[in-house]
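Inspection log for the structure reproduced underneath, given as structure tokens.
We count ligands from 1, going down the list as the structure has it; atoms in each ligand are counted the same way.
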Amino acid sequence: MKYFSVVLLCGVLLTTCKNPPQEQSHSKKKLGMVTDSAMVVSAREEASKIGTQIMQQGGNAFDAMFATEMALAVCYPFAGNLGGGGFMVYRLADGKTGALDYREKAPKAATRDMYLDKNGDVILNKSTLGGLAVGVPGTVAGIFAAHEKFGTVPIDQLLAPVIELAKKGYVVTKSQAQRFANIDSIVTAVNGKEILYGDHINVNDTVQNKALANTLSRVVQYGRSEFYKGKTADSLVAFLQRHGSIITKEDLAAYKAVWREPVKFTYDDLTIISMSPPSSGGITLAQIMRMIEPYALESYGHNSQKSIQVLTEAERRAYADRNYFLGDPDFVQIPTDTLLSQLYLKDRLSDFSFEQATPSSSITYGAIPGYESNETTHYSIVDQFGNAIAVTTTLNGAYGSKLYADELGFFLNNEMDDFSSKAGVPNMFGLIGAKANEIAPEKRMLSSMTPTIVEKEGKLWMTLGTPGGSTIITSVLQTILNVHEYDMTMQEAVDAPRFHHQWLPDVVLFEPESFEQAVLDSLKAKGYNVNQNQSPIIGKVDGIKVLPNGKLEGGADRRGDDAAVGF
Ligand code: GLY
């Protein structure tokens with residue numbers, strides 16, 4: 001009942017709320033934006049507004065997805081993209097669920113050892129910078145696949161406001177200007193010249209992207225094939241090959257987004273629907289949640305020593321499994337049933353004791369009968385018809401490979417680094433891979449993206465996700481627990497301080513100055529390697545929760561420029 005009386009109106013027709021959220025005075029609960037029936041929460045207000053406008057014109061969540069995703073490519077080039085890929089999980093108003101994989105693929109000419117020197121050592125930066133780092137992009141195929149199956153509004157109508165945004169420009173925020181400055185020298189080095197983005201852009205400048213407006217106008221005219229077979233494809237392949245890429249026209253022409261069965265599991269009275277491989281998100285989230293379910297987290301308290309211990313130990317074991325067993329399901333056999341079975345997971349955590357940390361060196365993957373990183377971006381949408389989607393999309397690193405196709409107006413991903421270049425050698429997220437995630441032609445690299453929808457007692461309850469590389473899974477986990485176990489609002493849940501553990505390296509990352517010193521001291525005394533320096537922020541969660549009265553509450557993470565917009 002505590003939610004009923006608060007409706008925050010920041011506008012007349014569109015309700016917009018940039019974080020930080022408003023304070024609900026009478027109950028001291030901090031509620032995010034509340035709207036009646038539809039909402040988009042994304043990394044930029046402009047993108048959330050465009051998605052919402054599409055729904056106001058009668059479009060549904062999938063129409064809004066198309067427009068929001070492309071708007072992020074315009075005004076959030078850090079991770080919004082045409083040159084990357086992503087995953088979408090959906091739940092229709094009638095309860096049907098599904099998932100879309102538009103992850104990048106290795107080019108046909110890719111080889112297992114393509115990033116190793118003659119001694120078999122990984123060559124620094126080869127999988128992260130420039131042409132060889134680029135995987136075959138999937139984003140345009142993804143939004144067209146979603147639109148073909150569920151969309152109702154014509155593409156020209158969806159892209160009109162996006163093209164206008166690209167032509168008229170968007171106003172640069174403080175954090176964005178800082179990021180442009182940060183990448184200036186590396187982007188100039190990789191591209192061999194200055195590009196549209198760099199330290200010449202200041203806060204409050206307006207950035208227009210006419211090249212991207214032209215690319216999108218051609219997509220309106222010729223459809224999906226413009227990107228994969230048309231003039232855009234020709235220009236893209238020529239550009240990539242000039243920069244050392246092995247991607248060919250055949251690679252682009254062969255790309256397909258794939259509909260997948262999402263991972264579905266229960267936790268108390270919740271049903272969680274999350275992304276299946278080639279993302280590790282759903283399986284790893286399910287493993288962690290099933291391991292921790294028997295523990296009385298609520299009574300231990302939020303971010304208490306005991307809660308942190310239980311989560312960390314479950315994460316340690318789940319990430320060890322992730323790194324060994326998971327990969328592209330079209331290439332490797334994943335023992336999903338065993339990995340998610342109660343018996344297996346009970347056994348996995350059976351050696352945990354509150355007395356002492358389990359050293360990661362003593363943990364390996366289970367026996368089967370079979371850092372700060374905010375690259376990537378997530379948006380959540382609920383429409384006025386009751387459909388919900390969770391979409392996480394990425395270039396991998398910030399601005400991906402740093403290669404910017406200036407004729408086309410977008411960055412290219414460095415998703416090839418999400419493969420395991422060499423077994424046992426960590427990638428940019430410190431994740432150690434194994435054979436299941438080794439490089440092969442046309443294979444999809446393992447992801448941690450965890451777009452997730454949660455039902456409570458069979459009804460839509462929440463849609464959420466986050467950027468953050470390997471910290472994505474643990475950020476989604478903590479946000480769900482914050483609401484379910486610790487009775488937080490959606491906004492409080494996304495804002496709450498987070499910690500992260502991923503088996504190796506054997507450290508627990510904490511957001512600095514956010515946790516009680518006594519808790520950190522007692523964790524250290526028990527053998528946990530506490531680190532507050534490496535992750536100034538962990539994740540940037542954007543979610544929507546359905547309130548008991550049917551209205552929607554947005555949680556737009558305070559850590560970014562994120563904004564909820566709806567009606
Ligand atoms: N590129 C980050 C991920 O897919 O996990």
Main-chain N/O of L412 paired with S401 side-chain donor or acceptor, under 3.5 Å:
yes
Could you check whether K126 pairs with D117 (Lys NZ or Arg NE/NH1/NH2 to Asp/Glu carboxylate O, under 4.0 Å)?
no
Give every pair formed by an N or O atom of ligand 1 and a protein N or O atom closer than 3.5 Å, one pair per line with both atom names and the distance to 0.1 Å, or write none.
{"unit_1": "ligand 1", "atom_1": "1 (N)", "unit_2": "N396", "atom_2": "OD1", "d": "2.6"}
{"unit_1": "ligand 1", "atom_1": "1 (N)", "unit_2": "E415", "atom_2": "OE2", "d": "2.7"}
{"unit_1": "ligand 1", "atom_1": "1 (N)", "unit_2": "D418", "atom_2": "OD2", "d": "2.7"}
{"unit_1": "ligand 1", "atom_1": "4 (O)", "unit_2": "R103", "atom_2": "NH1", "d": "3.0"}
{"unit_1": "ligand 1", "atom_1": "4 (O)", "unit_2": "R103", "atom_2": "NH2", "d": "3.2"}
{"unit_1": "ligand 1", "atom_1": "4 (O)", "unit_2": "D418", "atom_2": "OD2", "d": "3.1"}
{"unit_1": "ligand 1", "atom_1": "4 (O)", "unit_2": "S447", "atom_2": "OG", "d": "2.7"}
{"unit_1": "ligand 1", "atom_1": "5 (O)", "unit_2": "S447", "atom_2": "OG", "d": "3.4"}
{"unit_1": "ligand 1", "atom_1": "5 (O)", "unit_2": "S448", "atom_2": "N", "d": "2.7"}

Residue pair T463, R91: steps toward the side chain to side chain donor-acceptor pair (under 3.5 Å) verdict:
CA-CA 9 Å; T463 164; R91 182 187 185 278; over 6 Å; no
For D101, is there an ion pair with R103 - N to carboxylate O distance below 4.0 angstrom?
no
For Q178, give me all partners under side-chain hydrogen bond (donor to acceptor under 3.5 Å, both in side chains), at least two apart in sequence or on another chain.
N182
Please say which of F78, F180, Y76, F410 ends up in a ring-ring contact (aromatic ring centres under 6.0 Å, His included) with Y197.
F180
